[in-house]
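Everything below concerns the one structure shown next.
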Protein chains: 2
Amino acid sequence: MELLLHTFSKHINITEQELTVVLNRMRKKTVKKKQYLLQADQVAKDAAFVVSGCLRSYSIDDNGFEHILQFAPPGWWITDMFSFISEQPGNLFIDAIENTELLLLSRKDQLALFDELPKLERYFRIVTEKSLVNSRQRLVENLSLTAKERYERFCNIYPTLINTLPQKQIASFIGVTPEFLSKMKSQWLKG
Amino acid sequence: MELLLHTFSKHINITEQELTVVLNRMRKKTVKKKQYLLQADQVAKDAAFVVSGCLRSYSIDDNGFEHILQFAPPGWWITDMFSFISEQPGNLFIDAIENTELLLLSRKDQLALFDELPKLERYFRIVTEKSLVNSRQRLVENLSLTAKERYERFCNIYPTLINTLPQKQIASFIGVTPEFLSKMKSQWLKG
DNA sequence: CCCCCCTCTTAACCTAGATTAACTTTTTTT
DNA sequence: AAAAAAAGTTAATCTAGGTTAAGAGGGGGG
């Protein structure tokens, strides 16, 4: 897959042979729109690399509300990191926003690759560092910005998603109710 | 330092020689209570390992409010990860809650050690994975729990900090005003 | 030892965003 | 193409938590 090669190449130099070694450990999978890749209480055996389509990860709280943690368009990795590294049942759901093609890599295979191909451990070290920066940034923004400001940030950061995504899910990501997002947008047009 | 050895040993096997290699790249530093290790707009050249005392990292928003991201008691690492990995000016402050002894490791030295000692890259890969799990978990909790529930979680997770920390800082960490935390605690006694 | 600054408390009032509910529009299923 | 389900809108009402203000400890530096 060229997309996978391109994605690795952003952070490490990798040869075709090395890419083949990695690909031999990965399995293709497709998930249709609205179907689950993972549900809460399952163990996330795999990390998923999105080739086409889009996935989302979210938790459901005690009141039944969804809180979206991540969208994964093509070229992104997604999993329930807690479950993936601890091999314990997690509390995240991952499902497909549209028909999606994936490459799966199990934790076992990932760890084996880290020994075979130290470059790959470096790649994931870097990707994880960046995800951490991202997650902490989002935490700060949730604590310090208003709903309107968070919506604007979302539009800037995910300009491509803004048109394809149901508004409901944008609301869930920025941490407001769909009703309130709708209200904000109409006040927008007036003010 | 035995604490550093012990901390590495939780995730990797490391010999005394290897530890020496690492220590040769680290510098001792002390920071007195209320003094800064890092301020916003500076580049975080170093990651800090806390030997004794306690640090905190936080951002200050446009209204002058502090939002605490992390406390670092002995055995923890702390830095402004964004700045540390991008080598650009960051937006976090790090200061000492009490007189603190540190071991500093610059990004340059860290990257050099990753080449010399692949084990160390593994160690930081694992630590970063865990930090990511933590940060995402906190994000979900901020979106789904009430202030009271977040306070209870804090008490469970940091039982040792609860007595040493000014209540103001606990409020900042869980994302409420000091006034509201105070109010919650008094309602607590009544209810 | 005292003063000043900082932390904590209490209470009245305020607001961003949630809740509820009824309705409209769009999408999906058959 | 009809029917059903899901998504979005609007508006009234409600509340968790913020803001403002004023007073009460309390500990560290001169």
Side-chain angles (χ1 to χ4, degrees), chain A residues 31-36 54 56 58 60-68 71 93 95-99 141-155 161-191, chain B residues 32-36 53-54 56 58 60-68 95-99 141-155 161-191:
Chain A
V31 184
K32 292 210 178 122
K33 187 170 178 168
K34 295 196 183 182
Q35 287 188 337
Y36 291 109
C54 191
R56 67 201 254 259
Y58 58 99
I60 298 185
D61 70 24
D62 294 344
N63 302 313
F65 291 104
E66 294 178 0
H67 304 281
I68 297 180
F71 294 108
F93 297 79
D95 66 16
I97 291 173
E98 33 190 291
N99 294 344
E141 287 177 5
N142 276 325
L143 292 170
S144 60
L145 302 184
T146 63
K148 198 170 101 184
E149 290 166 330
R150 295 199 305 273
Y151 180 69
E152 285 164 357
R153 288 276 296 150
F154 184 89
C155 295
L161 290 179
I162 213 83
N163 300 309
T164 60
L165 228 50
Q167 192 167 304
K168 215 189 151 176
Q169 294 192 13
I170 299 172
S172 164
F173 187 92
I174 66 175
V176 296
T177 57
E179 292 86 351
F180 188 70
L181 178 53
S182 178
K183 188 194 203 171
M184 279 201 300
K185 289 179 80 173
S186 73
Q187 285 175 343
W188 204 253
L189 298 173
K190 295 170 199 164
Chain B
K32 292 212 177 119
K33 187 169 178 168
K34 297 194 183 183
Q35 287 188 337
Y36 290 108
C54 190
R56 67 200 255 258
Y58 58 98
I60 298 185
D61 70 25
D62 294 345
N63 302 313
F65 291 105
E66 294 179 1
H67 303 281
I68 298 179
D95 66 17
I97 290 172
E98 33 190 292
N99 294 345
E141 288 176 5
N142 276 325
L143 292 170
S144 60
L145 302 184
T146 63
K148 200 171 99 183
E149 291 167 329
R150 295 198 306 272
Y151 180 69
E152 285 164 355
R153 288 277 297 151
F154 184 88
C155 295
L161 290 179
I162 212 83
N163 299 310
T164 59
L165 228 52
Q167 191 165 306
K168 213 190 154 178
Q169 293 191 14
I170 299 173
S172 164
F173 188 91
I174 66 175
V176 297
T177 56
E179 292 86 352
F180 188 69
L181 178 52
S182 177
K183 190 194 203 171
M184 280 201 299
K185 289 180 81 173
S186 72
Q187 283 174 344
W188 204 252
L189 298 174
K190 295 169 199 165

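Scope of the values below: all heavy atoms of this structure, side chains included, with no hydrogens, waters or symmetry mates. If you're wondering where the values come from, they're calculated on a predicted model, not measured in any experiment. Chain A is the first sequence line, chain B the second, and so forth, proteins listed ahead of strands; every chain is numbered from 1.
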Return the polar atom pairs (N/O with N/O) between nucleotides 4-7 of chain C and the protein under 3.5 Å, or none.
| unit_1 | atom_1 | unit_2 | atom_2 | d |
| --- | --- | --- | --- | --- |
| dT7(C) | OP2 | Lys168(B) | NZ | 2.9 |

Expected string for nucleotides 25-30 of chain D under the B/S/- scheme (protein heavy atoms, under 4.0 Å, primed atoms plus P, OP1, OP2 as sugar-phosphate) is ------

In numerical order, the residues of residues 173-181 of chain A whose heavy atoms come under 4.0 Å of DNA chain C are Gly175(A), Val176(A), Thr177(A), Glu179(A), Phe180(A)

Starting from [atom2] on [N], measure out to [atom1] on [X] and report it in whole angstrom.
{"X": "Glu66(A)", "N": "dA6(D)", "atom1": "CD", "atom2": "P", "value": "12 Å"}
{"X": "Lys185(A)", "N": "dG8(D)", "atom1": "NZ", "atom2": "P", "value": "8 Å"}
{"X": "Asn63(A)", "N": "dA16(D)", "atom1": "CG", "atom2": "C1'", "value": "14 Å"}
{"X": "Phe65(B)", "N": "dG17(D)", "atom1": "CZ", "atom2": "P", "value": "16 Å"}
{"X": "Leu143(A)", "N": "dG17(C)", "atom1": "CG", "atom2": "P", "value": "13 Å"}
{"X": "Met184(B)", "N": "dA16(D)", "atom1": "CE", "atom2": "C1'", "value": "11 Å"}
{"X": "Glu98(A)", "N": "dT27(C)", "atom1": "CD", "atom2": "C1'", "value": "15 Å"}
{"X": "Lys148(A)", "N": "dA16(C)", "atom1": "NZ", "atom2": "P", "value": "10 Å"}

For [X], what residues pass the side-chain hydrogen bond (donor to acceptor under 3.5 Å, both in side chains) criterion, not counting sequence neighbours?
{"X": "Tyr151(B)", "answer": "none"}
{"X": "Asn99(A)", "answer": "none"}
{"X": "Thr164(B)", "answer": "none"}
{"X": "Glu149(B)", "answer": "Thr146(B)"}

Next on the checklist: For Phe71(A) and Arg56(A): C-alpha separation, side-chain torsions, deciding distance, then whether side-chain contact (heavy atoms from CB on, under 4.5 Å) applies.
Outcome noted: CA-CA 4 Å; Phe71(A) 294 108; Arg56(A) 67 201 254 259; 4.0 Å; yes

Check: Lys33(A) and Ile97(A) side chains under 4.5 Å, non-hydrogen atoms: no

May I ask you to say whether Arg153(A) pairs ionically with Glu141(A), meaning some side-chain N is under 4.0 Å from a carboxylate O?
yes

Worksheet entry | Short N-O contact, Lys34(B) and Asp95(B), less than 4.0 angstrom | no

Side chains of residues 169-178 of chain B: which donor-acceptor pairs under 3.5 Å do they make with residues two or more places apart or in other chains?
| unit_1 | atom_1 | unit_2 | atom_2 | d |
| --- | --- | --- | --- | --- |
| Ser172(B) | OG | Glu66(B) | O | 3.0 |
| Ser172(B) | OG | Ile68(B) | N | 3.1 |
| Thr177(B) | OG1 | Phe180(B) | N | 3.2 |

Those residues at least two apart in sequence (or on a different chain) that pass side-chain contact (heavy atoms from CB on, under 4.5 Å) with Gln35(A) are Val31(A), Lys32(A)

Residue set satisfying side-chain contact (heavy atoms from CB on, under 4.5 Å) with Ser182(A), at least two apart, ordered chain then number -> Gln167(A)

Axis-to-axis angle for the helix from dC1(C)-dG30(D) to dT30(C)-dA1(D), ends of five pairs each, to 10°, equals 60°

Residue pairs passing the salt bridge (charged side-chain N to carboxylate O under 4.0 Å, His left out) test with at least one member in residues 166-184 of chain A, sequence neighbours excluded, are none

Subject >> Step-by-step side-chain contact (heavy atoms from CB on, under 4.5 Å) determination, Ser144(B) to Asp62(A) >> reply: CA-CA 8 Å; Ser144(B) 60; Asp62(A) 294 344; over 6 Å; no

